[in-house]
Amino acid sequence: MANIGLKMLYVAAKNEDGTTIVDAVKGLSETGVFAIDTNKSHMNLGAQTANISNLSGTPTKINGNNEVVDISNPPSSPTVAITANLINPEVKQKLLGRVKLSNGVWVDSDAPTYGALIIVSQSPITLEDVYYSFGLGVFTETTQNVQTNTDTAETRESDTLTFTSMGYAGFNGKNYGFARAGQDGFDRVKLFDTVFPGQKFVTSDHDGTTDPSLHGGQAVDVRTDGEKAAGAGK
């Protein structure tokens, strides 16, 4: 689908069974989901690109009697090349499967750490959110190109991660899912529950995707005193 822009990336760390690690220490956040937002107090500066490759497999022609008699269509094997201005450094280490020693040093763990990813863009006509979802996979980082500043320029390096998707039970064993906010039957709570089972970021009572602090602001409670007393809209 044609899209406009990159609106947000949502990530989570997962257990081997595909459930989300809902813990700020063992996982990425107390809700299980971490937004790579633009709030400096969250130690993020937003993402630049999320380049999705291999959404389809490479068809293979089947020949017989000097003719093409069939085409084999193998499953997709998507990867996502993510470039971000800055991802919270501790969250990034956890996504990469690293563990922190008692001296504060992060090192690779022996077993892979599984993760999940939702990429949010927008429709060119309606500006509705569109979602590219990956329920299970592994984040990796292959390079770190540290360069000197000069007397006339500051040299910045972006965070560059690759997400390699795996088959996921929530997508009938397939490697990814697509959704558009305006389509029949769309439900954002169900989407987040499917991609991040057990998450508390988007629920029937609270939608974390609408939190203004994701855009550098601060969350503001707009409920009346009566609503606050009753606990409405928590």
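Sequence positions, counted from 1, serve as the residue numbers for this chain.
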Side chain to side chain contact (heavy atoms under 4.5 Å, CB included) between H215 and M8, intermediate numbers included:
CA-CA 10 Å; H215 306 283; M8 189 69 73; 4.1 Å; yes

Determine whether V146 and E157 satisfy the following criterion, side chain to side chain contact (heavy atoms under 4.5 Å, CB included), listing intermediate values before the conclusion.
CA-CA 7 Å; V146 181; E157 182 189 5; 3.9 Å; yes

Could you go through T148 and T155, starting from their C-alpha distance and side-chain angles, then the distance that decides it, and tell me whether this counts as side chain to side chain contact (heavy atoms under 4.5 Å, CB included)?
CA-CA 6 Å; T148 184; T155 303; 5.9 Å; no

What verdict does the side chain to side chain contact (heavy atoms under 4.5 Å, CB included) test give for L28 and V33, after you've listed the backbone C-alpha separation in whole Å, the side-chain angles of each residue and the deciding distance to 0.1 Å?
CA-CA 7 Å; L28 306 187; V33 177; over 6 Å; no

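Cluster annotation: I87 and V99 are assigned to distinct hydrophobic clusters (Ile/Leu/Val/Met/Phe/Trp/Tyr, side-chain heavy-atom contacts under 4.5 Å, transitive). Side-chain heavy atoms closer than 4.5 Å link hydrophobic residues (I, L, V, M, F, W, Y) into clusters, and following such links, possibly through other members, connects F178 to I52. Linking ILVMFWY residues whenever their side-chain heavy atoms come closer than 4.5 Å, directly or via other members, places F186 and F171 in the same cluster. Cluster membership for I118 and L136, using ILVMFWY side-chain heavy atoms within less than 4.5 angstrom, is shared. Both I119 and I82 belong to a common hydrophobic cluster when Ile, Leu, Val, Met, Phe, Trp and Tyr are linked at side-chain heavy-atom distances under 4.5 angstrom.
There is a side-chain donor-acceptor pair under 3.5 Å between S29 and T31. For the residue pair D205 / T203, no side-chain donor-acceptor distance below 3.5 Å is found, with atom types taken as modelled. In the model, T140 has no side-chain atom that pairs as donor or acceptor with a side-chain atom of T162 under 3.5 Å. Side-chain contact check for N145 and T143: no donor-acceptor pair (N or O, by modelled atom type) lies under 3.5 Å.
Contact detail for S121 and G5: the closest heavy-atom pair is OG-O, 2.6 Å. Heavy atoms only, all atoms of each residue included: T210 and D207 are closest at OG1-O, 2.8 Å. Looking at every heavy atom in both residues, N88 comes nearest to H42 through ND2-O, 3.0 Å. Nearest heavy-atom pair across E30 and K200 is O-CD, 4.5 Å. Closest non-hydrogen pair, S158 versus T83, comes out as CB-CG2, 3.7 Å. When every heavy atom of L6 is checked against every heavy atom of A50, the shortest pair comes out as CD2-N, 4.1 Å.
By the 4.5 Å heavy-atom criterion applied to side chains, N39 and N44 are not counted as neighbours. Contact check for L95 versus K92: no side-chain heavy atoms found under the 4.5 Å cut-off. For the pair N54 and S76, the minimum side-chain heavy-atom distance is 4.5 Å or more. At least one side-chain heavy atom of K100 sits less than 4.5 Å from a side-chain heavy atom of E90. Considering only heavy atoms from C-beta on, F34 stays 4.5 Å or farther from K94 through its side chain. Counting heavy atoms from C-beta on, the side chains of L96 and T113 never come closer than 4.5 Å. Contact of the E16 side chain with the Y114 side chain is registered, since non-hydrogen atoms from C-beta on lie closer than 4.5 Å. Counting heavy atoms from C-beta outward, V80 and Y132 have side chains that stay 4.5 Å or more apart.
With hydrogens and angles ignored, the 3.5 Å screen pairs a side-chain donor or acceptor of N103 with a backbone N or O of V105. A donor-acceptor contact shorter than 3.5 Å links the side chain of T150 to the backbone of T152. No donor-acceptor distance shorter than 3.5 angstrom exists from the side chain of S165 to the backbone of P78, with no hydrogens or angles considered.
Distance check: Y168 OH to K14 NZ gives 3.0 Å after rounding to the nearest 0.5 Å. Taking CG from D211 and NE2 from H206, the interatomic distance works out to 6.0 Å, rounded to the nearest 0.5 Å. Distance OG/S133 to OH/Y176: 11.0 Å, rounded to 0.5 Å. Between atom CZ of residue F163 and atom CG of residue L9 there is a gap of 11.5 Å, rounded to the nearest 0.5 Å. Remark: N149 CG to R156 CZ distance equals 10.0 Å, nearest 0.5 Å. One distance of note links CZ of R98 with CH2 of W106; it measures 10.0 Å at 0.5 Å rounding.
Annotation: N65, atom CG; neighbour count of heavy atoms from other residues, nucleotides and ligands within 6.0 Å does not exceed 12. Residue L101 places its CG atom among more than 12 non-hydrogen atoms of other residues, nucleotides or ligands, all under 6.0 Å distant.
Partner Y10 forms a ring pair (Phe, Tyr, Trp, His ring centres under 6.0 Å) with one of F192, Y131, F134, F196 and no other, that one being F192.
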